[in-house]
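Contents: one structure, followed by commentary.
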Amino acid sequence: MAAVAKLRKRAAQLREAVDHHNHRYHVLDDPEISDAEYDALFRELQALEAEHPALRTADSPTQRVGAAPATGFAQVRHELPMLSLANAFSDEELAEFDKRVRERLQTEDAVAYSAEPKLDGVAVSLRYEKGVLVQAATRGDGTTGENITENVRTIRSVPLRLQGGAPALLEVRGEVYMTRKGFAAINVKARESGDKVFANPRNAAAGSLRQLDSRITAKRPLAMYCYARGVTSSDVSFDTHAQVLSAFREWGLPVSPEIELVTGVAGCNGYYESIGKLRAELPYDIDGVVFKVNSLRAQAELGTVSRAPRWAIARKFPAEEAVTRLLDVGFQVGRTGAVTPVARLSPVTVGGVTVSNATLHNMDEVERKDVRIGDTVVVRRAGDVIPEVVRPLKEKRPKGARKPKMPKVCPVCGSAVVRESEQAAHRCTGGLFCGAQRKQAIWHFASRRAMDIDGLGGKLIEQLVDAGLIEHVDDIYALQLEQLQDLERMGEKSARNLLAALEKSKQTTLGRFVYALGIREVGETTAQTLADHFGDLDGLMQADEETLLDVADVGPVVAEHVQQFFAEPRNREVIAALQRAGVRWPAGTPRTTDRPLKGHTYVLTGTLEGLTRDQAKARLQALGARVSGSVSGKTTGVVAGSNPGSKLDKAEALGVMIMDESELEALLQAHEAS
Ligand code: IVH
């Protein structure tokens with residue numbers, strides 16, 4: 001063999017060996033040889049290439065050291081756009097995402113998701129042709145990014161050449177990041193040498209990739225994890241995202257070891273929680289987790305909207321903080337009458353958004369945190385969630401800092417503000433009268449289970465209130481055809497329909513009417529119980545707390561709410577106006593006797609055949625029984641359906657009566673008939 005050929009062969013061997021050990025070390029975290037042995041191989045290759053420059057190849061590991069400064073970055077057009085992700089900031093939003101996915105896929109089955117940490121770094125696209133890294137680009141605007149090939153070459157965990165079986169063309173997307181340790185180390189150095197100190201690992205990673213001199217990038221402790229594909233030649237094909245990731249691993253690409261397959265919302269939530277616990281221990285920053293529909297066919301079916309795929313979502317971790325001054329505390333009245341202290345802040349950017357108001361939740365919180373007007377405070381914003389004041393920096397407190405005070409009357413309607421026993425919130429007692437609560441109150445009043453006014457929904461109520469046509473619930477019965485038909489999206493026909501629905505709603509029942517009033521804690525069942533007990537409205541309105549406490553299932557909280565509601569003169573005015581407008585109900589007879597199952601407690605376990613648990617519960621309660629979730633010596637009976645739980649064992653152990661469904665039905669019917 002000619003001397004040159006021998007050298008070329010040796011160079012190739014060395015490159016392969018160095019690449020191999022690089023991968024073991026930087027990607028698999030599992031080196032096979034010592035650092036010294038690795039260095040020896042590396043230096044031999046370097047020397048060989050220095051002596052014979054013709055032997056040097058673009059994908060040689062020696063080429064990771066960086067090249068002389070570039071004058072700027074060329075633009076790169078992504079053949080497939082680099083997408084971003086929609087965010088979910090709560091369990092509810094995640095559940096909605098999953099629901100949309102299943103609706104679009106027309107499946108009731110739980111969906112398999114790839115669950116992945118959401119690395120907080122810089123998105124990069126790598127292009128491999130015939131297995132060789134030929135280009136690396138930033139995301140840019142998703143369509144066009146910057147060519148940062150020279151810089152990315154210096155990242156040890158990025159293979160310059162893929163291992164066996166790689167396709168002819170492959171674009172790999174992933175996140176370039178810096179470990180927290182690496183970040184701390186370069187900041188120490190930067191401080192020593194008077195260079196720029198980075199704010200966080202993500203900025204450090206971005207700044208390092210933006211270096212025009214890749215020799216500087218080479219010194220930065222960058223790494224990468226791959227999580228998606230761009231264009232891929234058709235010599236490989238996959239059914240699932242998980243298969244793609246395992247192919248990545250086989251080709252030598254770095255993939256996060258934290259990625260898991262999960263099933264359904266429950267699986268997603270479990271993953272989110274466990275990664276959340278792991279977060280502080282991970283060597284790098286993450287700002288959430290990403291869930292991707294695993295089936296590629298399903299992904300294709302779901303498609304993409306406005307630059308984000310419908311098949312993926314980022315479940316973000318809460319919290320980003322900033323420091324600012326608390327200028328004042330205002331008081332806001334919510335739709336349920338809760339009067340909430342609101343911090344008026346010197347405007348500050350938190351997580352990319354300017355914040356000038358933040359919630360202080362309630363006066364207990366203000367007290368507990370000891371927040372005072374004039375304080376310098378820490379403000380936190382969690383995604384789309386309302387910003388909140390976390391705590392004051394007491395060491396910065398000025399002398400004249402004042403404690404915020406809850407006003408005695410509602411800032412919107414002037415009604416008394418009260419604080420209910422054992423509740424954190426202060427509330428306006430204005431109820432139906434208070435402007436802040438009006439729209440919500442009217443909406444509740446008109447709703448199906450209350451006055452059941454067909455066609456009077458949220459949008460229309462909004463329009464009517466904003467146009468000044470209604471102020472309080474009784475005003476809806478004074479609406480005229482001319483007023484209605486002039487409204488946007490209305491017309492004569494719908495106006496006439498609405499008037500007819502209003503007329504029809506006037507004939508109601510006392511239970512519905514009491515429910516419609518929107519008294520706090522008085523739901524449908526309690527309203528009906530009150531109606532049954534008193535038989536007429538006057539009796540209920542005049543009842544004192546003691547009388548109310550005599551009503552089955554009415555405890556001190558409900559009694560207090562009911563009493564307070566009817567004590568407010570303005571609520572009485574609204575009720576009188578409704579009656580003048582013609583709202584009426586059949587007279588009832590107040591119950592004088594106790595209900596038959598009063599004092600009895602039942603526990604339901606297992607699945608019932610003929611009725612739902614809620615139905616069984618409602619019927620038992622209607623007869624005066626209590627339905628409890630746990631068995632004790634005081635339990636009257638345990639109703640066991642199929643597949644009963646441990647409650648049955650407990651009942652047996654305690655010698656509590658056990659009934660089957662037919663026995664329950666017999667019991668209910670016997671009492672309901674009488
Ligand atoms: S997938 C097909 N997976 O989050 C959708 N992105 O907010 C493309 N990111 O631009 C992204 N970890 O920079 C995906 N496991 C992960 C990720 C991840 C971090 C970043 C990425 C993206 C941004 C979207």
Side-chain angles (χ1 to χ4, degrees), residues 78-89 93-94 97 101 113-126 136-146 148 152 155 157-158 171-179 200-203 205-206 209-210 222-232 238 240-242 244-246 248-249 253-262 268 271-272 275-276 278-279 282-296 298-317 320 351-352 383-384:
H78 301 298
E79 231 173 289
L80 280 180
M82 286 180 78
L83 301 174
S84 62
L85 293 169
N87 290 319
F89 292 102
E93 286 176 14
L94 182 83
F97 161 77
V101 165
Y113 293 104
S114 175
E116 316 180 353
K118 185 171 189 301
L119 275 102
D120 203 3
V122 181
V124 165
S125 183
L126 310 174
T138 59
R139 178 171 180 274
D141 63 3
T143 313
T144 310
E146 284 177 331
I148 52 163
V152 170
I155 301 172
S157 55
V158 174
E171 269 182 14
V172 183
R173 270 88 195 254
E175 202 85 350
V176 168
Y177 65 93
M178 192 180 280
T179 60
N200 54 48
R202 177 167 48 88
N203 287 350
L209 282 180
R210 231 179 282 117
L222 294 173
M224 182 170 181
Y225 274 137
C226 302
Y227 48 63
R229 265 184 321 160
V231 276
T232 316
F238 303 98
T240 64
H241 180 69
V244 172
L245 295 181
S246 78
F248 279 3
R249 288 196 179 99
L253 290 160
V255 176
S256 166
E258 315 301 339
I259 296 179
E260 278 173 32
L261 269 185
V262 300
C268 291
Y271 183 82
Y272 174 76
I275 290 285
L278 202 65
R279 187 180 182 189
L282 291 173
Y284 41 78
D285 279 353
I286 59 175
D287 58 349
V289 296
V290 182
F291 299 114
K292 301 172 183 170
V293 171
N294 189 37
S295 154
L296 297 184
Q299 285 189 4
E301 210 171 301
L302 288 159
T304 295
V305 263
S306 62
R307 319 218 115 262
R310 282 203 196 88
W311 42 263
I313 194 143
R315 171 76 169 94
K316 295 294 265 303
F317 289 131
E320 279 191 84
D384 277 349

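In each ligand, atom 1 is the first atom listed, and ligand 1 is the first ligand listed.
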Can you list the ligand 1 atoms lying under 4.0 Å from a non-hydrogen atom of Glu116?
-> 3 (N), 15 (N), 16 (C)
Taking atom 3 (N) of ligand 1 as the reference point, the nearest protein heavy atom with its distance | Lys292 NZ, 3.0 Å
Are the aromatic ring centres of Phe317 and Tyr272 under 6.0 angstrom apart?
-> yes
Can you find an N/O atom of Leu119 closer than 3.5 Å to an N/O atom of ligand 1?
-> yes
Polar side chain donor-acceptor pair, Glu260 to Tyr271, under 3.5 angstrom | no
For Arg173 and Ser125, which heavy atoms make the closest approach, and how far apart are they?
-> NE-OG, 3.0 Å
According to the interplanar angle, ranging from 0 to 90°, do the rings of Tyr225 and Tyr177 count as parallel (below 30°), tilted (30 to 60°) or perpendicular (above 60°)?
-> parallel
With atoms numbered from 1 as shown, which atoms in ligand 1 lie under 4.0 angstrom from a non-hydrogen atom of Pro117?
-> 12 (N), 15 (N)
When only distance counts, is Glu175 in polar contact with ligand 1, meaning an N/O pair under 3.5 Å?
-> yes
From the candidates Leu85, Thr304, Leu83, Val290, the one that places a heavy atom nearest atom 10 (O) of ligand 1 | Leu83
Evaluate the side-chain proximity of Tyr284 to Ser256: yes if any heavy-atom separation is below 4.5 Å, no if none is.
-> yes
What one should report as the nearest heavy-atom pair of Val158 and Met224 is CG2-SD, 3.8 Å
Which of the ligand 1 atoms, numbered from 1, are nearer than 4.0 Å to a heavy atom of Lys118 | 4 (O), 7 (O), 12 (N), 19 (C), 20 (C), 23 (C)
Just going by heavy-atom distances, which of Phe291, Tyr227, Trp311 is nearest to atom 9 (N) of ligand 1?
-> Tyr227
